[in-house]
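Quick notes on the structure that follows.
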Amino acid sequence: MRVHPTSAARAAALGAFTPERVDAYARIPEAVHGEGAAVFAQLLHLGRQAAGQYARTAAWAPVAEPWTVGAHVPHAMSVADIRTVVRGFARAAGWMAEAGFDGIEVHLGHGHLIQQFLSPAVNHRTDAYGGDDAGRLRLAREVLDAVRRAVPATMPVGIRVSADEFVPGGLTVDHMVDIVGRLLDEFDLAFVHVSHSAYVGRYSLATQMADMTFPGAPFRSYPARFKAAFPHVPVLAICRIDDVATAADIVSAGDADLVGMTRAHIADPYLLRRVRQGRADTVRSCIACNQGCIGRIEQNLPLSCVVNPAAGLEAEWERLEKAARAAGSRRVLVVGGGPAGLEAAGAAARIGHTVTLAEASPRLGGAVRAAASLRGRSRFGLLVDEQERAARAAGVEIRTGWRVTAADVLAGDWSAVVVATGAVERPGTVPGWGPALPVARALADPAALGRTVAVLDEDGTWAGAGLAEHLAAVGLRVHLVSPVGVAWNVTTYSRLALVHRLGELGVRCHPGRRLARMEDRRAVLADVVSGAEETLSEVDSVVHVAPRVAVGRLADDLIAAGFDGALQVAGDAYAPRSALEAVYEGRLAGTAIGLPAGHALTPVDAPHYVSGGTPFHIT
């Protein structure tokens, strides 16, 4: 919760800087207490990364230095500004106590404003709020003192810290243990919530929400360090704690007293209930892709989830499912066993339909299987494995090796069909060389590519940069060529780590370049602005990561053949995108397939041809 308008960087940001908001916030403790849990209010000011487009204010910071190259230059705070922020923390804390929250967490981490004052890499002030360790600590002390005075003496107040900034000249775990020790000498802190990272345009930021390329629980050693230093203080551990078994191990090992599992609970809000009831095998696991959660938030869009498309739309889905059950059951054929088809089949079966899923290849998973074979992307395999498990548990009949035709559908007496046949690669032809290789061929046999590979990326997703990383990791020399940038369609919170790994592996990146032609084994690149050319020598193969092409012909064939049942197209068969859209549209198609037209708002308003793709409501 932001304590001042200068911290409101996004339309979806939660503000706690006016008393009028108390009544709205009071609904949160009321709901949480009704479920038997406690809820704390986390208070923060973002500082220099709070770009002012939304609130129409300049960002505030200790000094006038932007958080990354090209970002807005912040306003260097005066002493009066600092006092305003301290009052903002105190007022917000008092109002949240009034709203019924059970405790307060003051955010001193993640490179936000208070950490910016703490960090020697950022705070170059020479007044009382900088200059040495004591000066840099002054704002944190003043905020904690003001918050403590603003709330009842019995209300617990704790802090969140970054144990390591991962920034040259920045805060290390030794610094932070010392800082927390000083604060504990002065304040009765109820807990220490140990995170890591700084908000900077480099690798550090990517660690804040470590994606699937990191190992599970990659930073558990940090809370363990604080627990050893302050055994009498409850310590909270977080980040990529994907399952209850890992959480239990952290606690039983004495590395922390409490464990936070944010993304895991977005993926499955009933995670703990399932485990307690002995149904751990029904959990839908977070795959740590960062696409639907922080990836959408980064774009100022509501949070969602690849694994759980109902996240953020729970009430809407509940109404849709209720209407679908009331409409009666059908015989449903789902064509395509990728993430869209698997989700559609499971959703339709849970509604009460009799469902058969047909997949042309011997194995389910579609393009996600290829994605899962990339270095560090194996958790995508977990997505489709758990989708298959859920579909079978719901009673779906699964048939592989069946390439469905319109004649098959008409002969089978199906009353509803979901077409989820995905998309295919269409690599282009390189002048002077011939057809470029598709990603699938490169992944299937990297040894056949030769010593040096040029990866031409015109897609900007994980496919291009992920392939470059994968090939470099198995020993190939890789040139990543792109007319735009490097992985420009990957969320910043993952891209910064991806670029870091590419550098470690020696991948040569050529942004703003197109592959003009090949001359024997020389790749001639042209600058997309000036046309100036440069040459890469000894190139043995060219892989083209091009936008894929939808394979939805079956729907057109069915319409031409006079199929009069319900028909939906979902996922890449409608338009090639990511797993986020595929699973969402699959769930929507499988849920709404039995409803008459008008129940689900979609791009195509026709009685028997309803294509998924947009949010919906019940009329």
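Fair warning: this is a prediction, and the values are worked out from it, not measured in the lab. Numbering of residues begins at 1 and proceeds along the displayed sequence.
Under the 3.5 Å distance criterion, the side-chain polar atoms of S373 are matched with a main-chain donor or acceptor of A370. E105 places no side-chain N or O within donor-acceptor distance of the main-chain N or O of A41, the cut-off being under 3.5 Å. Between the side chain of E35 and the backbone N or O of A31, no donor-acceptor pair lies under 3.5 Å. Between the side chain of E458 and the main chain of V545, no donor-acceptor pair closer than 3.5 Å is present. Listed for the R548 side chain is no donor-acceptor partner under 3.5 Å among the backbone atoms of V424. No donor-acceptor distance shorter than 3.5 angstrom exists from the side chain of T591 to the backbone of L588, with no hydrogens or angles considered. With S304 contributing its side chain and G292 its backbone, the two residues share no donor-acceptor pair below 3.5 Å. Judged by distance alone, with hydrogens and angles left aside, the side-chain atoms of R399 form no donor-acceptor pair with the main-chain N or O of A358 at under 3.5 Å. Not a single donor-acceptor pair under 3.5 Å links the side chain of H470 to the backbone N or O of G466. Listed for the R375 side chain is no donor-acceptor partner under 3.5 Å among the backbone atoms of A473.
Nearest heavy atom pair, residue P576 against residue A423, reads CG-CB, 3.9 Å. Contact detail for W488 and S482: the closest heavy-atom pair is CZ3-OG, 3.0 Å. Of all heavy-atom pairs spanning H544 and A436, the tightest one is CB-CB, 3.5 Å. Of all heavy-atom pairs between A582 and P339, the closest is CB-CG, 4.1 Å. Across G337 and L342, no two heavy atoms sit closer than the pair O-CD1, 3.5 Å. Taking both residues in full, the closest heavy atoms of A311 and I266 are given as CB-CG2, 4.1 Å, listed atom of the first, atom of the second, then distance.
For A348, the side chain to side chain contact (heavy atoms under 4.5 Å, CB included) criterion is met by H353, V355, not counting sequence neighbours.
Of the inter-residue distances, the one linking T354 atom OG1 with W414 atom CH2 reads 9.0 Å to the nearest 0.5 angstrom. Between the CG atom in D457 and the CG atom in L467 there is a gap of 9.0 Å [rounded to 0.5 Å]. To the nearest 0.5 Å, atom CG of residue L498 and atom CG of residue D211 are 8.5 Å apart. Taken to the nearest 0.5 Å, the CH2 atom of W462 stands 10.5 Å off from the CZ atom of R495. The distance from the CG atom of L205 to the OH atom of Y493 is 5.5 Å, given to the nearest 0.5 Å.
Side-chain contact of T246 with D243: a donor-acceptor pair under 3.5 Å is present, judged by distance alone. Between the side chains of S578 and Q291, at least one donor-acceptor pair of N or O atoms lies under 3.5 Å. Donor-acceptor pairing under 3.5 Å is lacking for the side chains of N489 and T461. Side chains of S197 and H110: no donor on one and acceptor on the other come within 3.5 Å. A donor-acceptor pair shorter than 3.5 Å cannot be found between the side chains of H196 and Q208. For the residue pair E298 and T492, a side-chain donor N or O sits within less than 3.5 Å of a side-chain acceptor on the partner. The closest side-chain donor-acceptor pair between T213 and R501 falls under 3.5 angstrom.
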Task: Evaluation steps, side chain to side chain contact (heavy atoms under 4.5 Å, CB included), between V334 and T356 - done: CA-CA 6 Å; V334 177; T356 296; over 6 Å; no
- [ ] Please lay out, stage by stage, how R263 and N290 fare under the test side chain to side chain contact (heavy atoms under 4.5 Å, CB included).
- [x] CA-CA 9 Å; R263 285 175 289 177; N290 282 350; 2.8 Å; yes
- [ ] Show your reasoning for whether side chain to side chain contact (heavy atoms under 4.5 Å, CB included) applies to E386 and R389.
- [x] CA-CA 5 Å; E386 292 187 350; R389 181 192 67 192; 4.0 Å; yes
TODO: Evaluate salt bridge (charged side-chain N to carboxylate O under 4.0 Å, His left out) for D249 paired with R220, printing each intermediate quantity in order.
DONE: CA-CA 11 Å; D249 181 66; R220 64 181 287 179; 2.9 Å; yes
- [ ] Just do the side chain to side chain contact (heavy atoms under 4.5 Å, CB included) check on L272 and V244 with the steps written out, would you?
- [x] CA-CA 8 Å; L272 294 182; V244 174; 3.7 Å; yes
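For E388 and R392, the salt-bridge test passes: some basic side-chain N is under 4.0 Å from an acidic carboxylate O. Ion pairing of D242 with R379 is present here, as a side-chain N (NZ or NE/NH1/NH2) and a carboxylate O approach within less than 4.0 Å. Under 4.0 Å is where a charged nitrogen must lie from a carboxylate oxygen, and between R577 and E585 at least one such pair does.
Note on ring orientation: taking the six-membered ring where Trp is involved, the planes of F214 and F219 are tilted (angle from 30° to 60°).
Between I241 and I250, the closest side-chain pair of non-hydrogen atoms falls below 4.5 Å. Within the 4.5 Å cutoff, side-chain heavy atoms of V335 are placed close to those of V417. Between V583 and V307, the closest side-chain pair of non-hydrogen atoms is not below 4.5 Å.
The salt bridge (charged side-chain N to carboxylate O under 4.0 Å, His left out) analysis of residues 342-370, with sequence neighbours excluded, yields the pairs R284-E343, E343-R587, R369-D385.
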